[in-house]
Amino acid sequence: MLLYLFISCFSIIFFIKSLTLKPLPPWATEMRLLSPWFRKDVSFFLSSRLIKNILGLGYFTTVVSKMSLKKMSFTSKVDNFEEVEESAMSILDLPDLVLECILERLPPAALCSMAGVCSSLRSRCISDHFWEKHMKKKWGRIIGPAAYREWQWHIALRTRKDSSHLKQGKPKGLMRVLSIVRPSWWIKSKVDDSSKQCSLPDDSIMSWFLALETGRFWFPAQVYNRENGHVGFMLSCYDAELSYDPRTDTFQARYPPHGRRAVAIENYVPWERLRAPPFDTSPHDLHISDCLNELRPGDNIEIQWRRNKEFPYGWWYGVVGHLESCDGNDNYCRCHNSDTVVLEFNQYTAGSRWRRATINRKEHREEGNEADGFYGGIRKLCNEEEISTWKCLWPSEILE
């Protein structure tokens with residue numbers, strides 16, 4: 001009997017210590033004061049009840065402790081997030097001058113990305129103030145008044161098409177009745193249709209820049225040494241319609257038909273062979289020269305030339321030479337006092353009929369014939385960059 005009692009008490013103590021590390025409740029120590037007979041009767045009852053209570057209490061304590069820890073961690077994260085969010089500074093909180101300086105230094109791609117952040121930044125990023133610099137930097141050398149005028153016509157044509165679509169979209173028949181019954185439904189559909197369209201203003205410089213950048217807009221410009229340096233066009237510059245290819249960073253040139261010739265197309269034209277037209281006139285118009293009295297031997301010039309009356313003019317590079325009676329000595333040269341001006345095209349051999357041409361300084365308009373072509377207006381080159389461009393295009397071999 002004593003052995004049985006000893007084993008029972010020992011097992012109870014062992015289970016209590018193994019299940020929890022907390023100190024036993026006060027009533028557990030009073031079990032030693034109980035009579036052995038009572039302890040025998042209640043030992044199994046107490047042990048079973050105690051184990052259940054301890055197991056339930058331990059599980060509940062564990063769950064509650066985990067929940068409290070999670071709640072505390074979540075609460076701390078929320079508090080930290082609110083603190084970080086409250087302490088974070090938006091770019092819109094910057095002063096206007098600082099924000100403007102930041103936007104001015106962004107490249108076009110970054111400025112487009114910034115315009116998609118929010119409506120406030122969008123209204124700033126599409127401003128002509130920022131895009132004028134990008135337009136001038138990348139396209140200013142090859143975009144002239146003719147290209148801008150072409151863009152205005154393009155906008156007007158697109159606006160006219162949009163207005164015609166709106167007129168065609170006027171409700172008729174059953175749709176008109178439905179629009180009267182539920183006008184808000186019709187208005188909403190119109191708003192949804194308009195929201196699908198690009199909200200970027202057509203007349204903005206950003207819209208023009210993107211149209212050029214994507215190659216969607218063909219614009220007039222001039223091409224040096226057209227048709228991949230065809231021997232018949234060496235050191236010349238002709239009008240063409242251009243479209244940019246962003247994949248190759250080159251252009252496609254479309255030359256107008258000359259006489260019976262069809263439209264000529266040239267691909268992969270580099271930037272170095274392009275320029276804006278020097279004058280805002282048609283290539284079929286004769287340029288009225290205003291520099292004839294200033295021409296002296298050694299001056300760099302461009303002169304209009306065309307094969308016949310049906311062809312447009314192209315600009316050809318040359319230099320002012322000396323008269324046959326002059327030995328070329330600068331101390332005794334009087335060529336600038338003569339009414340006759342000698343033009344030399346040194347890319348041709350000395351015996352070529354294209355090597356020299358003469359014009360009258362006072363009466364020059366258009367001179368020539370069907371055999372040798374017609375020479376038109378002259379412009380004197382004073383810009384070293386223009387002269388350098390022509391010299392960089394000089395042929396590797398002298399032409400016949």
Side-chain angles (χ1 to χ4, degrees), residues 103-166 168-169 193-224 226 237-256 263-283:
L103 297 178
E104 281 182 347
R105 286 164 173 77
L106 293 180
L111 201 58
C112 289
S113 300
M114 188 67 75
V117 173
C118 63
S119 59
S120 179
L121 285 175
R122 181 184 180 282
S123 62
R124 295 173 180 267
C125 293
I126 67 175
S127 173
D128 291 348
H129 170 70
F130 298 115
W131 288 96
E132 283 178 356
K133 179 186 67 174
H134 296 302
M135 176 65 74
K136 183 178 180 180
K137 181 179 180 180
K138 184 167 185 177
W139 299 98
R141 192 174 62 84
I142 63 176
I143 292 294
Y148 180 74
R149 186 166 55 251
E150 190 73 21
W151 172 248
Q152 295 297 320
W153 289 341
H154 177 74
I155 294 175
L157 181 61
R158 187 163 59 183
T159 304
R160 187 181 304 171
K161 288 182 178 180
D162 293 341
S163 61
S164 64
H165 289 326
L166 290 176
Q168 292 175 2
D193 292 340
S194 63
S195 63
K196 295 178 182 178
Q197 300 176 356
C198 180
S199 57
L200 187 66
D202 289 337
D203 58 348
S204 65
I205 298 180
M206 180 181 177
S207 179
W208 188 18
F209 184 95
L210 296 179
L212 291 169
E213 191 75 14
T214 56
R216 293 184 288 105
F217 175 65
W218 289 77
F219 62 95
Q222 290 185 344
V223 183
Y224 294 99
R226 58 171 287 180
C237 196
Y238 276 82
D239 287 77
E241 288 185 339
L242 301 175
S243 174
Y244 179 66
D245 185 359
R247 298 171 298 176
T248 59
D249 193 30
T250 58
F251 293 82
Q252 183 181 30
R254 190 165 57 194
Y255 303 100
V263 176
I265 297 177
E266 180 181 358
N267 297 315
Y268 308 112
V269 181
W271 288 83
E272 294 77 16
R273 288 176 51 203
L274 303 178
R275 76 173 185 182
F279 301 103
D280 187 20
T281 56
S282 170

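Note that this is a predicted model, so its numbers are computed, not measured.
Inter-residue side-chain proximity for W131 and S204 is flagged as unmet; no heavy-atom pair is nearer than 4.5 Å. Two residues are said to be in side-chain contact when any heavy atoms from C-beta on lie closer than 4.5 Å; V223 and L242 meet this criterion. In this structure, the side chains of W218 and Q252 come closer than 4.5 Å at one or more pairs of heavy atoms. For the pair Q222/P278, a side-chain contact is recorded, criterion being any heavy-atom separation below 4.5 Å from C-beta on.
With D128 contributing its side chain and I205 its backbone, the two residues share a donor-acceptor pair below 3.5 Å.
Distance CH2/W151 to CD1/I143: 11.0 Å, rounded to 0.5 Å. Residue M135 holds its CE atom at 11.0 Å from CE of M206, rounded to the nearest 0.5 Å. To the nearest 0.5 Å, atom OG of residue S282 and atom CG of residue D239 are 8.0 Å apart. Considering CD of E213 and NZ of K138, their distance stands at 3.0 Å, rounded to 0.5 Å. Taken from CZ in R273 to CD in E266, the straight-line distance is 4.0 Å, to the nearest 0.5 Å.
When each of W271, W208, F217 is paired with W139, the ring pair (Phe, Tyr, Trp, His ring centres under 6.0 Å) condition holds for W271 and for no other.
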Atom pairs and distances, side-chain donor-acceptor, residues 110-120, under 3.5 Å, sequence neighbours left out:
| from | atom 1 | to | atom 2 | distance (Å) |
| --- | --- | --- | --- | --- |
| S113 | OG | A109 | O | 3.1 |

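When only modelled atom types and interatomic distance are considered, D249 and Y244 share a side-chain donor-acceptor pair under 3.5 Å.
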